[in-house]
Amino acid sequence: MAEQADDHGPGEAIAAAQQRARRGNLDRHGDKLRAANKRFVRERIDLLIDEGSFVEDALLANAIAPAGDLPADGVVTGRALVAGRPVAIVANDPTVKAGSWGARTVEKIIRLTERALTEEIPIAWLIDSAGARITDQVDLFPGRRGAGRIFYNQVRLSGRVPQVCCLFGPSAAGGAYIPAFCDVVFMVDGNASMYLGSPRMAEEVIGEQVTLEEMGGARMHTSVSGCGDNLVADDDAAIELAKLYLSYLPSNFRQPPPWSHWQPPERPLADGVVPADDKATYDVRAVIDGLVDDGSFFELKPDFAPELVVGFASLEGQSLGVVANNPAAKGGVLFTDSADKAARFVWLCNAFNVPLVFLADVPGFMIGTQVEREGIIRHGAKMISAVSEATVPKICVVLRKCYGAGLYAMCGPAFEPEATLCLPTAQIAVMGPEPAVNAVFYNKIQSIEDPDERAAFVADERARYEADVDLLRLASDLVVDAITPPDHLREELIRRIGLAQGKARHFTERHNGVTPV
């Protein structure tokens, strides 16, 4: 009997330690979480995963810490099924020293990323962390298995498996690089933030007085910096978007994307959705909704660089990436931010075998002193590099106008699309008729004193220019592959993407390109 009691005693102690670790410091900080409209870390995981599928690693990390206040060392790691597929999970517990990192926190995260590399499964990062514990810096910061190894592994994982980040609270200092190395970041409005230096540090070091929201808040990052992708209302919404995001992508780069159930668009694309007048504005989302499966368009970065729309959709159940100029915002002109937005999305789709459709209605890249100082040439070259390197099936659709280097950035004929398709409203040229005539004949136009004669001359030269770039001529000269009416475009895309599934994926032989950034 005494021997059984001895066996029972240690078992009880371990069970108590496990229970303590699972509870975090919720008893002490639960009210604070609820006041901030935050869920407990294990509730977040339960919302993400298939019920009962979570397998946790290193639950008892730091279980014998003297103060007893470091359950699981502030991070929950493990694997589970999400919609039936294995996913690795890293989830900070903000009730444990604000989700900060200690040496064992770092080791748990490193081991989890190593497992994701070995098993080639996606990672869901559920981030809510104040960063490293300065008191533990020697143990967690500089070594070969220090915090830097997390970022090293993230870079190794990039393009190999999907990495999705739900940012529920802070991601501070060096920890801010975890979201930065993820493919996509969903930020909770009012709670999420990421910054290298806090407002207090900024005031002390550089004398700047700024609020947390201005420095690194969710609205700023999703609309100004572009470090965040989508702004969401609460924890639940972030997790729903993470699940939706993963549904469009394979588990790793070796697999095709999953197929989904689908319905045809509620309102198929019809004449008039794209105005014939090249100066008339319209929202390109109406075109997208008329082409893709009903309700399937999932836009990324909707508040950042809105002159360009990017996102996932499905076409008869097959995942698709859409890159579309949006004349409703800034006329659809490409700026530095929109070029960056496009490049990153194209790289993402190419990494995970998602075909691309480019919907072009673009006057070109912005000009002027401000954008030249911002490096518009460098950013434009980045976008063109991404489009060039993409070896997935890709199709260029010219909706209306496609001028200048905008044709190149939107995967025009020189960039090996499976096809360049045009609506009957399309026009491809170095520039529009009016600026072209003014550029070529400026001196001549100014020398004509009679207004009627001047107007007649301009009209005649404009007609000559338009005839030179006539769409029928471009088709005749094999510049474009097909002219398709709007109501046939969806079927044309379905057939062409379907026939391109066996496309060879080799681009060129090298270690890496030297891409302008």
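Side-chain atoms are counted along with the backbone in the values below, which use heavy atoms only and exclude waters and symmetry mates.
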Chemist: Does L244 have more than 12 heavy atoms from other residues, nucleotides or ligands lying within 6.0 Å of its CG?
Modeler: yes
Chemist: For residues N353 and R254, is any side-chain donor paired with an opposing acceptor at under 3.5 Å?
Modeler: no
Chemist: On the ring face of F441, is K444 found with NZ or CZ under 6.0 Å from the centre and within 45° of the axis?
Modeler: no
Chemist: For K394, enumerate each residue passing the salt bridge (Lys or Arg N to Asp or Glu O under 4.0 Å) test, keeping only those at least two apart in sequence or located in another chain.
Modeler: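 Scan of K394 (salt bridge (Lys or Arg N to Asp or Glu O under 4.0 Å), adjacent residues dropped) gives none.
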Chemist: Around F297, counting heavy atoms of other residues, nucleotides and ligands shown, do more than 12 lie under 6.0 Å from its CZ?
Modeler: yes
Chemist: Could you list the residues that satisfy salt bridge (Lys or Arg N to Asp or Glu O under 4.0 Å) with D303, not counting sequence neighbours?
Modeler: none
Chemist: State, to 0.1 Å, how close T425 and L399 come at their nearest heavy-atom pair, and which atoms those are.
Modeler: OG1-O, 2.6 Å
Chemist: Could you report the tightest heavy-atom contact between A286 and V273, atom names first, then the distance?
Modeler: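 Minimum heavy-atom separation between A286 and V273: CB-CG1, 4.1 Å.
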Chemist: Is the F186 ring parallel, tilted or perpendicular to the Y245 ring (thresholds 30°, 60°)?
Modeler: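 Rings of F186 and Y245: perpendicular, as their planes differ by over 60°.
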Chemist: Would you say I376 and Q370 make side-chain contact, with heavy atoms under 4.5 Å?
Modeler: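 Not in contact.
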Chemist: For V323 versus A342, what's the shortest heavy-atom pair and its separation?
Modeler: CG1-CB, 4.4 Å
Chemist: Can you name the salt bridge (Lys or Arg N to Asp or Glu O under 4.0 Å) partners of R473, sequence neighbours left out?
Modeler: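 Salt bridge (Lys or Arg N to Asp or Glu O under 4.0 Å) list for R473, sorted by chain: D468, D477.
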Chemist: Does atom CZ of R373 have more than 12 heavy-atom neighbours from other groups under 6.0 Å away?
Modeler: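 Counting neighbours around CZ of R373, 12 or fewer heavy atoms of other residues, nucleotides or ligands fall under 6.0 Å, so no.
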Chemist: Is it true that, when you exclude Y177 itself, more than 12 heavy atoms of the residues, nucleotides or ligands shown sit nearer than 6.0 Å to its OH?
Modeler: no
Chemist: F253 and F352: aromatic ring centres closer than 6.0 Å?
Modeler: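 No, they do not, as the ring centres are separated by 6.0 Å or more.
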